[in-house]
Structure formats: structure tokens, C-alpha cells
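Written below as C-alpha cells is the structure these notes are about.
Quick note on labels: first sequence line is chain A, next is B, and so on, each numbered from 1.
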Number of protein chains: 2
Amino acid sequence: MDTRERLIESTRELLWERGYVGTSPKAIQQRAGAGQGSMYHHFAGKPDLALAAVRRSAEEMRAKAEGELSGPGTAYERIETYLLREREILRGCPVGRLTQDPDVIADPLLRRPLEETFGWLRERLARVLAEGRERGELASGLDPVATAATIVATLQGGYVLARAAASVEPFEFAIKGVLGLLAAQTTPSA
Amino acid sequence: MDTRERLIESTRELLWERGYVGTSPKAIQQRAGAGQGSMYHHFAGKPDLALAAVRRSAEEMRAKAEGELSGPGTAYERIETYLLREREILRGCPVGRLTQDPDVIADPLLRRPLEETFGWLRERLARVLAEGRERGELASGLDPVATAATIVATLQGGYVLARAAASVEPFEFAIKGVLGLLAAQTTPSA
DNA sequence: GTCTATAATCGGATAGAC
DNA sequence: GTCTATCCGATTATAGAC
């Protein structure tokens with residue numbers, strides 16, 4: 001891995017652990033094993049490097065979700081696969097985390113990857129739910145767009161509850177709860 | 001409002017806007033209209049002042065929720081009242097926000113109010129749901145503890161989605177979605 | 001491309017006058 | 001109780017040598 005690459009990966013880790021405000025160029029350089037000159041040669045500064053890191057994390061999150069949601073099975077099964085995927089719960093979501101960072105939200109360039117990722121995810125889940133409804137797997141009264149938002153929010157909020165409790169338990173309850181509510185929407189014959 | 005009080009209130013605002021890492025003693029003093037000596041007279045330092053601020057925000061959040069959840073109506077109605085209460089959505093949750101702050105989570109004293117608040121809230125909601133089930137208002141298959149976690153997570157995750165989108169829309173969808181799923185658990189005769 | 005040196009500003013706090 | 005002065009390290013760069 002070359003220096004530029006190590007700088008991006010180190011930044012991704014630090015943004016995940018400490019957020020944008022809590023991450024200094026010096027910390028990035030030390031973790032990447034690079035000098036200051038090296039960093040400022042490859043990137044214009046902290047925001048530029050953060051942008052490269054955020055874009056990559058967003059793309060990674062999207063690719064994982066797409067793999068699970070486009071797999072085989074019923075709508076419920078695909079959503080279950082997505083929700084029950086192994087996660088580093090106490091570390092939180094590397095993308096969702098950044099929504100709490102005022103400097104990220106204030107910068108349109110840095111916020112855009114967050115907006116695109118969660119926008120895409122809600123749409124993708126809504127499509128899965130709509131398909132399930134059309135195929136008769138899910139109750140006709142189910143609202144795909146609203147329910148998709150609920151599913152994504154449950155995940156993101158689950159991380160919040162887990163970190164508050166310093167335990168994965170509330171995260172797992174939240175997922176279990178939303179899956180239970182969704183299971184009640186599946187038709188017996190499907 | 002005396003100086004000590006203004007320091008606490010200024011800290012509450014800044015923790016809400018910028019988090020713990022992003023809030024400096026200097027910024028607190030300026031917003032409170034107090035000098036440095038004044039702040040260090042009333043509080044031992046930044047962590048001590050933050051603790052006072054976090055405790056107050058947590059208590060406020062709890063008191064509001066208790067008011068709504070202990071009101072009249074069915075279990076569904078009380079939860080609906082709680083979820084549809086007016087909120088400053090794009091500002092996020094002043095308590096949940098802090099779960100993303102590594103220095104808060106790492107300090108047991110600072111994390112405790114978060115743990116207590118969300119722990120209490122999940123229990124309180126679980127009690128409302130269990131009561132509803134016992135009274136025959138809610139389906140007997142509903143899991144109170146898991147569903148309570150889902151409801152709190154939907155709120156907290158809704159804030160995440162709203163900030164990512166710079167719009168209240170995804171928050172409102174998430175709430176609408178969870179209320180729809182919960183409404184499907186209500187018994188027709190109740 | 002990468003390094004070291006330098007610098008202006010901020011962060012978090014202490015000391016002591018008033 | 002509140003103020004100003006001071007301190008030391010961290011932050012976020014820029015300059016220029018190699």
C-alpha cells in the first residue's frame with residue numbers, strides 16, 4: 001500500500017473513531033507512518049483528505065448493502081439478511097457517525113456522500129418492500145417508503161443505544177423488534 | 001440567571017451543537033459572558049462543567065418523555081403522542097448526540113447519564129407496551145422489550161437520517177413507518 | 001515525493017491581582 | 001467571585017531543503 005493509500009485508510013479509521021473535529025492531521029500522519037510534507041503533497045489539507053476517506057466509506061457501505069439486498073429470497077428474508085449481518089456495533093456506523101459532526105454537515109461537499117448513501121439505502125429498501133408487496137409476500141397496507149426509513153433508522157439508532165449502554169444488547173433488541181413487527185406483515189401463504 | 005447557571009446553559013447548547021470534543025472552555029465562557037476565572041471558580045474544568053450540563057439535559061429529556069408516556073389513552077395513543085411531539089429535528093437529540101463522542105463514552109462519569117436515560121426510556125416504553133398487551137389493546141405476540149428498543153432507535157436513527165439529508169423528511173417517514181407497524185399490532189376491538 | 005523547520009492560532013488550565 | 005496575565009502543548013498549516 002503506497003503512502004497516499006495509507007493516508008486515506010488512516011483517515012477512515014480516525015473519522016470512525018473520533019469524528020472529523022476530533023481527528024488532527026498529525027494523528028493521521030502518525031497512523032499512516034507519513035510525514036507532514038507527504039500528506040500535504042497528496043492532499044490539499046484536512047477537508048480534502050477527509051472527503052476522499054468519506055467517499056470510500058460511503059461506497060463500501062453501499063456495496064455491502066447492495067450485495068445483501070439483491071440476493072435471493074423473499075423481501076423479508078433479504079431484509080433479515082441485511083439486518084443480521086455481522087457488525088462492529090460498539091464502534092458505530094462509519095458513515096452515520098459523521099452526521100453528528102457539525103463541520104461535516106456544514107460543508108456541502110463532505111455532507112453529500114452521507115446524503116447519497118442514506119438516500120440510496122432508503123430507496124433500495126423501499127424497492128425490496130414494494131416488490132414483496134406486489135408478490136403478495138407482504139401485507140398490502142404496508143408503506144414501503146416509510147417502512148424503509150424505519151428500518152434504516154432502527155439500525156442507526158441501535159448504534160446510539162449500544163454506545164450509550166456500552167453493550168450490544170439494546171442494538172440486538174432493536175433489530176429483533178423491527179424484524180418482529182415486519183414478520184407480522186408477511187402473509188401466511190407466501 | 002447567575003453566572004454559574006449561564007455557564008451550564010451555554011455548555012448545554014454547545015454540547016448539543018458541537019459535541020464535547022468540539023466545545024472549548026473559551027467558547028463556553030464567551031457564550032455565557034463570563035471570564036476564565038469565573039468558570040474555573042465554579043467548576044473544576046471542562047469535564048466537570050460538561051457533567052453538570054449532561055445531567056441536566058438527560059433529566060429534561062426524561063421528564064418530557066415521562067409526561068407523555070404516563071398520560072391518558074391506550075398504549076398506542078401514548079406512544080403516538082410521544083413520537084409525534086414537536087422536536088428540533090435537524091439539531092438532533094441533545095443526549096443521543098453525545099454517544100458519538102469518544103471522550104464522553106470513554107469517561108464512565110460522563111457516559112452514565114446517557115446509559116441511565118436510554119435505559120429508563122426503553123424500560124418505560126416496554127412497560128407501556130406490556131400494559132397494552134395485558135389489556136388486550138395489542139397483539140399477544142408483540143415483544144415489549146424488543147419493540148421498545150426499536151421505538152427509541154427509530155427516533156435516534158431518524159435524527160441521523162434527517163441530518164444526512166439536511167431535511168426533516170426522512171425523520172418523519174421513519175416515525176410514520178414505525179407507527180404503521182405498531183398500529184398493525186393493535187386489536188380491532190380495543 | 002518526502003523530510004524538517006517554522007509559525008500563527010487555539011485548547012485547557014494555573015496564578016495571582018482586585 | 002471575577003478579572004487579566006501567563007503557560008505549555010496541540011492544531012493546521014507553509015517554506016524550503018533533500
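In this structure, CZ of A:Phe43 is placed 14 Å from P of D:dA13, rounded to the nearest angstrom. As rounded to whole Å, 14 Å separates atom P of D:dT2 from atom CD of B:Gln36. Spacing between atom NZ of A:Lys26 and atom P of C:dA7 amounts to 17 Å, rounded to whole angstrom units. The NE2 atom of B:His42 sits 17 Å away from the P atom of C:dA13 (whole-angstrom rounding). Across the protein-nucleic acid pair, A:Arg4 atom CZ and C:dG1 atom P stand 11 Å apart, rounded to whole Å. Remark: C1' of D:dA17 and OH of A:Tyr40 are 19 Å apart, rounded to the nearest angstrom. Atom-to-atom, NZ of A:Lys46 to P of D:dA10 comes out at 16 Å; the value is rounded to the nearest Å. Whole-Å rounding puts the A:His41 NE2 to D:dA15 C1' distance at 16 Å.
In the hydrophobic clustering of ILVMFWY residues, with side-chain heavy atoms under 4.5 Å counting as a link, A:Leu161 and A:Val168 come out together.
Contact annotation: A:Thr3 side-chain N/O to C:dG1 OP1/OP2 distance is not under 4.0 Å.
There is no side-chain donor-acceptor pair under 3.5 Å between A:Arg62 and A:Thr117.
Across the interface with DNA chain D, nearest-nucleotide mapping of A:Gly37 and A:Ser24 shows A:Ser24 to be the residue nearer the 5′ end.
A cation-pi arrangement, defined by a distance under 6.0 Å to the six-membered ring centre and an angle within 45 degrees of its axis, is absent between B:Lys64 and B:Tyr82. Annotation: cation-pi geometry not satisfied between A:Arg97 and A:Trp16 (NZ/CZ under 6.0 angstrom from ring centroid, within 45° of ring axis).
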